[in-house]
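Written below as C-alpha cells is the structure these notes are about.
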Amino acid sequence: MKKILATLATLTLAAAAQAYPDKPISIVVPFAAGGPTDKVARDLAVALSKHLKGQSIVIDNVGGAGGTLGAAKVAKAAPDGYTLLVHHIGMATSPALYRKMPYDTLGDFEYLGMINDVPMTLVGRSTLPANTFPELVKWLESNKGKINLANAGLGAASHLCGLLFQQSVKIDMTTVPYKGTAPAMTDLLGGQVDIMCDQTTNTSGQIEAGKVKAFAVTSPKRLTTPALAKLPTLDESGMKGFNVGIWHGMYAPKGTPKAVQEQLNAALRAALKDADFVKKQEALGAVVMTDARTGQAEHKKFVEAEIAKWGPVIKAAGQYAD
Ligand code: ASP
C-alpha cells in the first residue's frame, strides 16, 4: 500500500510539473514600480514567458522595509511555482541590517538562479553647486547636518551604499527612506533630497539627460558604458577599497516541487540568452550573468558567501533596524 501511495504521489507531482505553468505567474518585486529592480524583473518577465509556454507573468510590487516585506510575502506564499521573487543584494545584507527578520534567507526559499550584475553610481540633484567628486566632498563638509541622503529603506542596496559612503567620507547624513529608488529618484529630480546611490539601471538615463549630477561609480573599475565611462571610481577618488556591486537573483518559496524549480531554472537560463533582454540590460550598464551562478546550487552558495562578506562590514558600521 505504502509503495502504491508513493508511486501515486510521484505521478501526481510529475503530472503537476508537466502541466506547469497553466495559469499566470506572479513575480514579486520588493521595491516600487519603475525602479531598477522592477525594470530588471519586467524585462526578464518578457523573456522568461517565452520559455514558460507563453504564460503571462505579472509583476507584483511590494515595496517597503528595504525589500524585506516583499521577500516575506514570497517566503509565506504557496510553494507551487506561481509566486516568485526577484530580489537583489538585499537578500544577503538584510539579515545583518535587521535584528529581527520576517523570514529565513537561506531556509525559506528555493534558489532558482542569478540574473545580472549591476554597478551603482553616486548621484545628486541637478541644483547642487558641486560638479565633481572633490567638489561634492567640499559641499558635504560645509553642509554638515543639512544633507539628505535618499534610499530605499534599511536593507536596500542604496542604504548599504549610502552607509559605507558616510563611513568613508566621515560625515553623517539624514537618510530619507522610500519604498524603492523610483520614488526616491522623483524627489531627487525635484530637489527635495540631495544625493543617492543607485543602480545604473535607474540612473544612466537621468545622467545622460543631465537631470541629475553623477559624481562616481561604486565599482572598483570604471564602467565601459559610453555615458558613464568618464565617471571616476570612489576607490580612485580616495575611498580606498570602496566596492559595492548589485546582483539580482530569482527565488521561489521553500518546498516548490523540484521539477518546477528545474523548469524555472531552465527558463531563466534561456531568458538570459535572449538577445532583446541582453541588449536592454547592456544599454543600462548591467551585465547579464553567463557564469555558474545561473545554477541553483551556485546561486545559493554565492548568497551564503555574500552574507558572510557583508555581515561584518555592516556590523562594523553599527547600523541596525528592528
Ligand atoms: N535600488 C533600490 C535599492 O536601493 C531598489 C529598487 O528600487 O529597485 O535597493
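When a ligand or atom number is given, it counts from 1 through the structure's own listing order. Computation of the quantities below employed the complete heavy-atom set of this structure, encompassing side-chain atoms and omitting hydrogens, waters and symmetry-equivalent molecules. All of these numbers come straight from a predicted model, not from anything done at the bench.
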Where does the angle between the aromatic ring planes of His88 and His248 fall among parallel (under 30°), tilted (30 to 60°) and perpendicular (over 60°)?
-> tilted
Only one of Val288, Asp43, Leu272 passes side chain to side chain contact (heavy atoms under 4.5 Å, CB included) with Ile115, and that residue is Leu272
Under-4.0 Å salt bridge between Lys279 and Asp274 = no
Is it true that Lys254 and Asp108 have a side-chain N and a carboxylate O under 4.0 angstrom from each other?
-> no
Do Tyr103 and Phe109 have ring centres separated by under 6.0 Å?
-> yes
Using the salt bridge (Lys or Arg N to Asp or Glu O under 4.0 Å) rule, take Asp60 and Lys73 through it: C-alpha gap first, then chi angles, then the decisive distance, then the call.
-> CA-CA 10 Å; Asp60 179 15; Lys73 179 173 179 177; 2.7 Å; yes
Output for ligand 1, non-hydrogen cut-off under 4.0 Å, lists Phe31, Pro36, Thr37, His88, Ala152, Ala156, Ala157, Ser158, Gly180, Thr181, Asp198, Gln199
